[in-house]
Amino acid sequence: NLPVGKIFIGDSGCYLYGFIIALLIVDIFGKLPEIHTWLAVLILIYPSFEVLFSFIRKKYFHKTKVTSPDSRHLHSLLYKFNCFLKIKNPNPLTTIQLFYLYLFPVLASVFLKDNLFFIFLAIGFFILCYLTAYIFLHKKNN
């Protein structure tokens, strides 16, 4: 969808693609015992943590239904921040910024094949980066 979105699959399409990718990753890691299973967690950390964080944020901080939509996801806050900076077309920039956030766990999984300590370190580093970015963007947008 870069630079101008021509395909729109909506939330249901995104959930379907995400589910299929997650199934494929679980299947691949189930069939290849020589690959550490925590690498699957590292590869899926971004979508998994986004869902978990949204659940916790809605239920405990905002006291809303966890199934209700909102515009407080990291990508929404990043898009609003890019609009605030008066970027001409903020959607492609937001996609690229989020790509770099997701690229780290994928690249880390390639280089950390069997070192469990560094896999856990990479998971923790991703969570720290996500929460830091979220807090920064939340403060800037409010």
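Note that the coordinates shown come from a computational prediction; the quantities given were computed from them, not determined experimentally. Keep in mind that the numbers below use all heavy atoms, side chains included, and drop hydrogens, waters and symmetry copies.
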Only distances under 3.5 Å count here; give the side-chain donor-acceptor pairs of residues 18-41 to other protein atoms, sequence neighbours excluded, each with its distance to 0.1 Å.
from: D27; atom 1: OD2; to: K31; atom 2: NZ; distance (Å): 3.3
from: H36; atom 1: ND1; to: W38; atom 2: N; distance (Å): 3.3

Nearest non-hydrogen partners of Y134 and R57, listed with the distance:
OH-CD, 3.0 Å
Between V66 and K58, which heavy-atom pair has the shortest distance, and what is it?
O-NZ, 3.4 Å
Quick one: [atom1] on [X] to [atom2] on [Y], what's the gap to the nearest 0.5 Å?
{"X": "T95", "Y": "N91", "atom1": "OG1", "atom2": "CG", "result": "5.0 Å"}
{"X": "C83", "Y": "K88", "atom1": "SG", "atom2": "NZ", "result": "14.0 Å"}
{"X": "L85", "Y": "K140", "atom1": "CG", "atom2": "NZ", "result": "9.5 Å"}

Taken in chain and number order and not counting sequence neighbours, the residues that satisfy ring pair (Phe, Tyr, Trp, His ring centres under 6.0 Å) with F55 are none
Once ring pair (Phe, Tyr, Trp, His ring centres under 6.0 Å) is applied, do any residues pair with H75, and if so which ones, sequence neighbours excluded?
H73
Any non-hydrogen side-chain atom of F118 less than 4.5 Å from a side-chain atom of F111?
no
Anything under 3.5 Å between a donor and an acceptor, one on a side chain of residues 97-108, the other on a protein residue two or more places apart or in another chain? List them.
from: Q97; atom 1: OE1; to: N82; atom 2: ND2; distance (Å): 2.8
from: Y102; atom 1: OH; to: I43; atom 2: O; distance (Å): 2.8

Under the side-chain hydrogen bond (donor to acceptor under 3.5 Å, both in side chains) rule, collect the residues that match up with K80, sequence neighbours excluded.
S71
Acceptor/donor pairs from residues 119-130 side chains to any protein atom, 3.5 angstrom cut, sequence neighbours excluded:
from: Y130; atom 1: OH; to: E50; atom 2: OE1; distance (Å): 2.4

